[in-house]
Amino acid sequence: MSAKIIDGVAIAKAVREEWKHRADKLKVRGILPGLAVVIVGDNPASSMYVRNKIKACHEVGLHSEVHDMPEDVTEEMVLRQVEELNSNPKIHGILVQLPLPKHIDANKIIEAISVEKDVDGLHLYNLGALVTGNQVFPPCTPYGVMCLLEHMNIPVEGQHAIVVGRSNIVGKPMALMLLQKNATVSICTSKTRDLKQHTLQADILIVAAGKPKLITANMIKDGAVVIDVGINRLDDGSLAGDVDFQGVKEKAGYITPVPGGVGPMTIAMLVANTISAAERISR
Ligand code: GUN
């Protein structure tokens, strides 16, 4: 059997169009949703992600601005920038691109973002809201994965979902969102003993471990839904996910490619959260 390929580019486009209608309704009322991105240093991957985020905002007609700060900026200056954006009425969403340089405490910066503008969904309050099932701004990548599953009509309730990866941005919120939809959820990491013994049980396997080709065909069951969140730059300059796509696609029921799977959805959900933030503030 060859898997159905989940087209994240097409689904992200549909999601952006859906949210554009909501942004247009706000504009009629004189409200232009605005996103501010703070980026520190010149990590090429981060710069590319930020460019793509800004491009998506333009496509949907949102206001967006980038605040570039040098690598040696002090924590105090980043905090001041965030506070300025917190009180800027043109800005409804604030995203501080991660990772930050080591001398800056990322948690401290994230906690400084106003809860109402935390469109990345990484503030303790918003993560807490996810735990209690009252999500406000779900973190964009797991939100995008849930949206892919919904668009493909893939049932979640009662399914055994296994998440490989325990990051605050993807793995942990992903597990909570699947649990909220009544999946039976297991969390593994790249360090899990005999990972294969676990992954073979998965009806839905979500991989966000940052290890190229961690998951091979012999590690999944026939017909499984395989969602690859990994984006790894290989030595030859090409991009690869955490899943051996060529092998696994022959055995899975559904699979996301890299690139063109989860990546575009992360950006579409950032647009969605920014418009949602503007709606909430103008209710
Ligand atoms: N770096 C990689 N992914 C993300 C993300 O979703 N949010 C932020 N803030 N930084 C990231």
Side-chain angles (χ1 to χ4, degrees), residues 3-16 18-19 49 52-53 56 95 98 119-122 126-127 129-131 133 135-189 199 202-211 214-215 220 224-232 239 241-243 245 248-249 252-273 276:
K4 286 203 175 89
I5 312 291
I6 301 179
D7 184 350
V9 174
I11 298 173
K13 185 163 180 271
V15 169
R16 284 199 306 271
E18 198 181 300
W19 280 88
Y49 294 145
N52 289 338
K53 287 168 185 178
L95 178 146
L98 301 174
V119 288
D120 230 4
L122 300 179
N126 283 317
L127 288 175
L130 210 57
V131 174
Q135 59 180 45
V136 183
F137 299 122
C140 301
T141 300
Y143 188 14
V145 171
M146 295 309 288
C147 194
L148 282 179
L149 297 174
E150 198 182 316
H151 268 255
M152 298 304 290
N153 290 317
I154 294 168
V156 172
E157 183 162 302
Q159 302 294 301
H160 189 178
I162 297 187
V163 180
V164 183
R166 54 159 197 93
S167 70
N168 292 339
I169 295 188
V170 185
K172 289 177 200 163
M174 185 79 256
L176 288 167
M177 291 168 86
L178 289 161
L179 195 59
Q180 189 63 26
K181 293 285 179 194
N182 295 318
T184 302
V185 182
S186 305
I187 308 177
C188 298
T189 72
T199 56
D203 302 310
I204 301 172
L205 179 64
I206 296 175
V207 194
K211 295 245 182 302
L214 176 69
I215 303 296
I220 67 152
V225 176
V226 180
I227 307 287
D228 189 352
V229 183
I231 305 182
N232 306 290
L239 284 182
D242 290 355
V243 174
F245 182 81
V248 171
K249 82 170 173 18
Y254 292 87
I255 189 168
T256 57
V258 177
V262 175
M265 293 303 292
T266 296
I267 295 175
M269 302 338 281
L270 175 65
V271 166
N273 277 348
S276 168

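Heads up: numbering here begins at 1 and tracks the sequence. Just so you know, these numbers use all the heavy atoms, side chains as well, and skip hydrogens, waters and symmetry mates. Computed from a predicted model, the values in this text were never measured in an experiment.
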> Do P173 and Y143 have side-chain heavy atoms sitting under 4.5 Å apart?
Replying inline: no
> Would you say L122 and N168 make side-chain contact, with heavy atoms under 4.5 Å?
Replying inline: no
> Hey, are the side chains of M265 and T141 touching, using non-hydrogen atoms and a 4.5 Å cut-off?
Replying inline: no
> Hey, mind stepping through I6 and I154 against side chain to side chain contact (heavy atoms under 4.5 Å, CB included) and telling me if it holds?
Replying inline: CA-CA 11 Å; I6 301 179; I154 294 168; 4.3 Å; yes
> Are the side chains of P142 and L178 in touch, meaning some heavy atoms are under 4.5 Å apart?
Replying inline: no
> Hey, are the side chains of I162 and C188 touching, using non-hydrogen atoms and a 4.5 Å cut-off?
Replying inline: yes
>> Does L148 form a side chain to side chain contact (heavy atoms under 4.5 Å, CB included) with Y254? I'd like the steps, not just the answer.
In response: CA-CA 11 Å; L148 282 179; Y254 292 87; over 6 Å; no
> CG/D228 to OG1/T256 distance, rounded to the nearest 0.5 angstrom?
Replying inline: 5.0 Å
> Roughly how far, to the nearest 0.5 Å, is CG of D120 from CG of L95?
Replying inline: 4.0 Å
>> Would you compute the distance between atom CE of M174 and atom CD1 of I227 and round it to the nearest 0.5 angstrom?
In response: 8.5 Å
> Which atom names give the shortest non-hydrogen contact between D7 and A10, and what distance separates them?
Replying inline: OD1-N, 3.1 Å
> Going by heavy atoms in the side chains, are M152 and V225 under 4.5 Å from each other?
Replying inline: no
>> What's the separation between atom CE in M146 and atom CD in Q135, rounded to the nearest 0.5 Å?
In response: 8.5 Å
>> If I take atom CD1 from residue I220 and atom NZ from residue K249, how far apart are they, to the nearest 0.5 angstrom?
In response: 12.0 Å
>> Side chains of I255 and F245, heavy atoms from C-beta outward: is any pair under 4.5 Å?
In response: yes
>> What's the separation between atom CG in N52 and atom CG in L270, rounded to the nearest 0.5 Å?
In response: 11.5 Å
>> Would you say that more than 12 heavy atoms from the other residues, nucleotides or ligands in this model lie under 6.0 Å from the CD of E150, or not?
In response: no
>> In the structure I gave you, are the side-chain heavy atoms of D242 and V229 within less than 4.5 Å of one another anywhere?
In response: no
